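It should be emphasised that the depicted structure is a prediction, and the values quoted were computed from it without experimental measurement. Per chain, numbering begins at 1; letters A, B, ... match sequence-line order.
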Amino acid sequence: MKAFTYYKVNSVPKAVSLLAKYGEKAAILAGGSDLFGIMKDRPEGPKFKMPQRLIDIKGIKDLNYIKDRKGSLKIGAAATLSEIVSSDLIREKYPLLAHAAAQVGVPQIRNVGTLAGNLCQRPRCWYFRRSLFTDCLRKGGGTCYALDGENQYHAVIGGNGCCMVYPSDMAPALIALNARVEIATAKGTKMVPLEQFYVGPRTNLLRENILSPQEMVVTVEIPKPAAGNKGVYVKLKERDAFDFALVSVAVSLTRKGNMAVNPRVVFGGIAPVPLRSIRAEAVLNGKDLKVAIPEACKAAMDGAHPLKNNGYKVDAARGVLEQALGLLA
Amino acid sequence: MSEKEQEPREDENKEKQSRMNVSRRGFLKGVGTGAVSVALTGVPLVLPPDAADAAEALAAGVKESTVRLNVNGAAYRVKVKSHWTLLEVLRREMALTGSKKICDRGSCGACTVLMDGKPIYACSRLAIEMDGKTITTIEGLADGETPHPIQSAFMQNDGFQCGFCTSGFIMSTKGLLDKNPRPNSDEIKEALSGNICRCSAYRKILASAKAATQKG
Ligand SMILES: Cc1cc2nc3c(=O)[nH]c(=O)nc-3n(C[C@H](O)[C@H](O)[C@H](O)COP(=O)(O)OP(=O)(O)OC[C@H]3O[C@@H](n4cnc5c(N)ncnc54)[C@H](O)[C@@H]3O)c2cc1C
Ligand code: FES
Ligand code: FES
């Protein structure tokens, strides 16, 4: 890695004041499991440069907690995925979340990787990640190399402009649970539904979320689940030991007898954002769950546009949804 | 407490020669640029009076700093650049070369060490982040000439071919057994899932880890 200035701050105001001062030249450093990979490879482009200043937030006590607040769950940005997997509170009341966290990477990654780092990680598209491909759209260039290149892991929905897929396992699970993120700047904080945190390439080609270079995530909050709520996360991988999702789905719903009520279905690995399937949800809502599964799976992939090498993802996405709903039925 | 500053480097050759010396102390003496100091007794190092200044400096931004960390029971102070990884510092500055570097991207597990008891990839953390941490590397396992039971289990069960991945697998096994002395096969597989063996000795690696659990 090339030299940078390292800051170890002990409060959110200090972190955001540095962000306010240095903007794009600085980056938040959490577990580093995503950031250092990029900084070692230096895949720069016209509008993608390596940070010169890293602001280490792991020492901020206010960001290291998992707690129940009046029935809703609050998790500090710097809580690690291992802490989430082993939290009794989360295992008991939000098993979907523990389940998704357990499927991120491997023990060595979960022991350092943080929740906010997971939600803010950069795409894994190999053209984006390689220094050779400087003209990549997401780096401010003019070419999507994946469109005509090797695109077996790319988007089947919403990939116009840039067909990377958002790689996070935590994001689909948290969106299914209706989570909100608290964002801090030097001027104050705001809460945003996680679903609206992510933006596709047509809104912003250079960033995957609404954070400006002056902002950071400080908290993730999950509302109290309705009585009878059940959830599950199903992730399909090429390598069983560890891999990013080829496709994945988080489903959260409430059972009333045989019926599914207020279902939330969120896919990973098929679009540039964690993708909520409103169509599948509409098919499921208020129906006998077992009966509605085939139609929901079909509806979920309506409008998919596979590329040369990723047609399998359409069937695979239906498959993981069928499996997830089967587990909840 | 015996804390010893190292003599500054005299010349390259002398340094290389002392690297050939097998004793750990010999390693340490010859290495680095005078950056490493060590309390060989393993007594926790008392924070120097400038600790508060150090914290202030870190908050104001640094390109290098002196970190205090405990490695294999001994307290060290090491002067590091901000962009040096823990693995680089262990191997290059402290001559603890048992942790291997293969991918340097957090993907293979050869560099696995325990940080405060938990397995991490040393290639994917900065040394400057390690201030106050306790690190265990493969060098910290044996008791003198007597291998650790996990090391013996790997030897007795041929848990390797070329051996390059082995220290990482052993450290992952150690991380598991320290918190769960009687893991089942699935738990062992999960704990070792972040380590790759290019020779594909997996069957015997799993047998070795399993044998280690039966010893404990
Ligand atoms: C081998 C390997 C396997 C992996 N497998 C998976 C997987 O299966 N699933 C998965 O989801 N991920 C996976 N990852 C990606 C990544 O390691 C994890 O997502 C991890 O949770 C990232 O967290 P971190 O704290 O290490 O992030 P960092 O690397 O510290 O940060 C990641 C990015 O987020 C920004 N950031 C961090 N915290 C904040 C904050 N509070 N506010 C604003 N921005 C912030 C950083 O500036 C950086 O750009 C894998 C990585 C590796 C190397
Ligand atoms: S060298 Fe660290 S994981 Fe490969
Ligand atoms: S024994 Fe050769 S890499 Fe594992």
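Residue A:E182 comes nearest to A:T189 through the heavy atom pair OE2-OG1, 3.4 Å, listed as atom of the first residue, atom of the second, then distance. Heavy atoms only, all atoms of each residue included: A:A102 and A:V85 are closest at N-CG2, 3.5 Å. Counting all heavy atoms, side chain and backbone alike, B:P147 lies closest to B:M155 at CG-CE, 3.6 Å.
With a 4.5 Å cut-off on non-hydrogen atoms, A:L29 touches chain B through its side chain but not through its backbone. Contacts of B:L176 with chain A are absent, with no heavy-atom separation under 4.5 Å from either backbone or side chain. For B:E64, no part lies under 4.5 angstrom from a heavy atom of chain A. Using a 4.5 Å cut-off between heavy atoms, A:K2 touches chain B through its backbone atoms (N, CA, C, O) alone. Neither the backbone nor the side chain of B:K81 comes within contact range of chain A; no heavy atom of the residue lies under 4.5 Å from a heavy atom of that chain. For A:K14, no part lies under 4.5 angstrom from a heavy atom of chain B. Neither the backbone nor the side chain of B:E88 comes within contact range of chain A; no heavy atom of the residue lies under 4.5 Å from a heavy atom of that chain. If you measure heavy-atom distances from A:R239 to chain B, the contacts under 4.5 Å come from the side chain alone. Contact of B:D104 with chain A is made through backbone and side chain together, with heavy-atom distances under 4.5 Å. Residue contact with chain B, scored on non-hydrogen atoms closer than 4.5 Å, involves the side chain of A:F36 exclusively. The contact between A:D41 and chain B is made by backbone and side chain atoms together, counting heavy-atom distances below 4.5 Å.
Per-residue heavy-atom pair counts under 4.5 Å with chain B were compared for A:R110, A:K58, A:M39, and the maximum is reached by A:K58. Contact count against chain A (heavy-atom pairs under 4.5 Å) is highest for B:R105 among B:M115, B:R105, B:K63. Counting heavy-atom pairs closer than 4.5 Å to chain A, the top-ranked of the candidates B:G106, B:A57, B:G109, B:C123 is B:C123.
Aromatic rings of B:F160 and B:F169 (six-membered ring for Trp) have centroids beyond the 6.0 Å cut-off, not under it.
A:Q108 and B:S172 form a side-chain donor-acceptor contact under 3.5 Å, judged by distance and modelled atom types alone. B:N72 and B:T137 share a side-chain donor-acceptor pair at under 3.5 Å. Between A:K139 and A:T134, the side chains place no donor N or O within less than 3.5 Å of an acceptor N or O (distance only, hydrogens not considered). B:N70 and B:T134 share no side-chain donor-acceptor pair at under 3.5 Å.
Remark: side-chain polar atoms of B:R125 are not paired, donor with acceptor, to backbone N or O of A:G32 under 3.5 angstrom.
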